[in-house]
Undergrad: 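Pasting a structure here, questions to come.
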2 protein chains.
Amino acid sequence: MTIFVFMENNSCIRQQADIKQINRCKDRVAELNGSFDYLSNGLELAGNNVRLKILFLLYEEKQLCVCDLSDVLGMTISAVSQHLRKLKDRKLIETERQAQTIFYSLTNEYKNLLEPFFIILDENKILETI
Amino acid sequence: MTIFVFMENNSCIRQQADIKQINRCKDRVAELNGSFDYLSNGLELAGNNVRLKILFLLYEEKQLCVCDLSDVLGMTISAVSQHLRKLKDRKLIETERQAQTIFYSLTNEYKNLLEPFFIILDENKILETI
DNA sequence: ATTGTATTTTAGCATTTGCTTAAATAAACA
DNA sequence: TGTTTATTTAAGCAAATGCTAAAATACAAT
C-alpha cells in the first residue's frame, strides 16, 4: 500500500516556504495541544499583575486569607475575592477553613509549575536572568 | 531619635490578623514591585493559547514568518500578525528581514525567562511535573 | 435565636481583547 | 515604473476582564 503525502503549500502564500518545517510544526502543535491548553490556562491567570502577587505571596507565606491579601495589596476585599475565585476554579489554589477564616494556599501542582519564576522573583534576580 | 512604627490593623477587618506577617508582605510587594511588573508583562502575553504556541514554535524553530505561523496555527495572517505585534511591542520577540520575508525570533531575554516552561513542554512532561 | 465576623456573590459598567474584513505599506523584481 | 509578494494596519464588533457598590451567605459566639 502506498500512502501519498501531498505536501502542497495550500494556505501559506509565501512561495519559498519550507514545507517540511511547516509540517513538523503542525505535528508538534497537534502533539502538544493538551500541554499548551494546560499551560496557557495557568499562565493566563498568573499573567495578571494582582494575581501574580497573590500567587507569590501564597508561595512565600504558605497561606493567607482574603482579608490579609486585601490589606497587603491595598485592594477591596471583594476585588481580591474575585481573583481568588478564578484561581480556585482553575485549581491554582485551594482553601482550608480555620474557624471563621478561610485560608488560601497554592496547590502542589501549580507550586511546582510556577516555582522557577518564584525563585527568580524571590531573589529579585529578574534583571540578572534576562 | 525614636521612630514609632504603628502597626495598627487599619484596613484588614480580621481581628486575629498577624500584623507582622502583613507588614512583611507589604514590604516584599514594594521591594519586588518592578519584578512583578516585568514578569506579569510577559506572562500576560504568554498566557494566551495562540501566543504561547507562537513563542514555543519560535523557541524550537529559531525563526518563522507570519505566513508560516498562520499556516501552522490555521489562522488568518492578519490575526497572527496582530499577535506578533503585541509580542514585539513588549520585546518578547524581534524581527529580521530577509528579502521579502520578515522573520520573527525570540529575544534572548525572554528565551531565558520562558525556557523552564519550554523544556517541560518540549518533553511533553507537563503531567509529570505537576 | 440573635448578633458579629469573615467572606462570597451579584449586578452593573468601562475597558480591553481577539478576531474579521478591507485597505494600506514595503520591498523585490521584471 | 509598475507589478508582484509579503506583511501590516485600520475599523468594527462580540466577548471577556476587572473593578465598585450593594446584597447575600456561612459560621461562631453569646
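Throughout, protein chains are lettered first and strands after them, A, B, ... in sequence-line order, and every chain is numbered starting at 1. Small disclaimer: the values here were computed from a predicted structure and weren't measured.
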Undergrad: So, A/Y110 versus A/Y38, ring centres under 6.0 angstrom or not?
TA: yes
Undergrad: CD1 of B/I102 versus P of C/dA27: gap in Å, rounded?
TA: 8 Å
Undergrad: Along nucleotides 24-30 of chain D, 5' to 3', which nucleotides get a B, which get an S, and which get a -, given that the test is a protein heavy-atom distance under 4.0 Å?
TA: --SBS--
Undergrad: Could you tell me the separation between the CD atom of A/Q82 and the P atom of C/dT8, rounded to a whole number of Å?
TA: 10 Å
Undergrad: Need to verify one output field. Residue with the more 5' nearest nucleotide on DNA chain D, B/L84 or A/S78?
TA: B/L84
Undergrad: Rounded to whole Å, how long is the line connecting atom CG of A/N49 with atom P of D/dG18?
TA: 11 Å
Undergrad: Expressed in angstrom and rounded to an integer, what is the separation of A/D71 atom CG from C/dA6 atom P?
TA: 13 Å
Undergrad: Looking only at heavy atoms, which two atoms of A/A99 and A/R97 are closest? And how far apart?
TA: O-NE, 3.1 Å
Undergrad: Tell me the interatomic distance from A/N41, atom CG, to D/dA16, atom C1', rounded to whole angstroms.
TA: 15 Å
Undergrad: More than 12 foreign heavy atoms under 6.0 Å from CZ of B/R90: is that the case here?
TA: yes
Undergrad: For a quick test of reading the model: is some side-chain N or O of A/H83 closer than 4.0 Å to OP1 or OP2 of D/dT17?
TA: no
Undergrad: Distance from B/Y104 atom OH to B/I93 atom CD1, nearest 0.5 Å?
TA: 6.0 Å
Undergrad: Under a 4.0 Å threshold between the charged nitrogen and the carboxylate oxygen, would B/E109 count as salt-bridged to B/K91?
TA: no
Undergrad: For residues B/N33 and A/K53, report the shortest heavy-atom separation together with the two atoms involved.
TA: OD1-NZ, 3.4 Å
Undergrad: Which nucleotide in the list C/dT20, D/dG18, D/dA6 gets nearest to the side chain of B/A79?
TA: C/dT20
Undergrad: Whole angstroms only, please: what is the CZ-C1' distance between B/R85 and D/dA6?
TA: 17 Å
Undergrad: How would you label the contact of A/E44 with the nucleic acid (heavy atoms, under 4.0 Å): base, sugar-phosphate, or nothing?
TA: sugar-phosphate
Undergrad: When all nucleic acid strands are considered with a 4.0 Å heavy-atom cut-off, which category describes A/S81: base, sugar-phosphate, or nothing?
TA: base
Undergrad: To the nearest Å, give me how far apart CG (A/L69) and C1' (C/dA6) are.
TA: 14 Å
Undergrad: Base, sugar-phosphate, or nothing: which does A/K86 touch, judged by heavy atoms less than 4.0 Å apart?
TA: sugar-phosphate
Undergrad: Heavy atoms from C-beta onward define the side chain here; which of C/dC19, C/dA6, D/dT7 lies closest to that of A/T101?
TA: C/dA6
Undergrad: Below 4.0 angstrom, N of the basic side chain to O of the carboxylate: do B/E60 and A/R24 qualify?
TA: no
Undergrad: Counting side-chain heavy atoms from CB outward, which of C/dT7, C/dC19, D/dT20 is closest to B/V50?
TA: C/dC19
Undergrad: Measure from CE on B/M75 to C1' on D/dT8 and round the result to the nearest Å.
TA: 15 Å
Undergrad: Can a side chain N or O of B/N48 be found less than 4.0 Å away from OP1 or OP2 on C/dT17?
TA: no
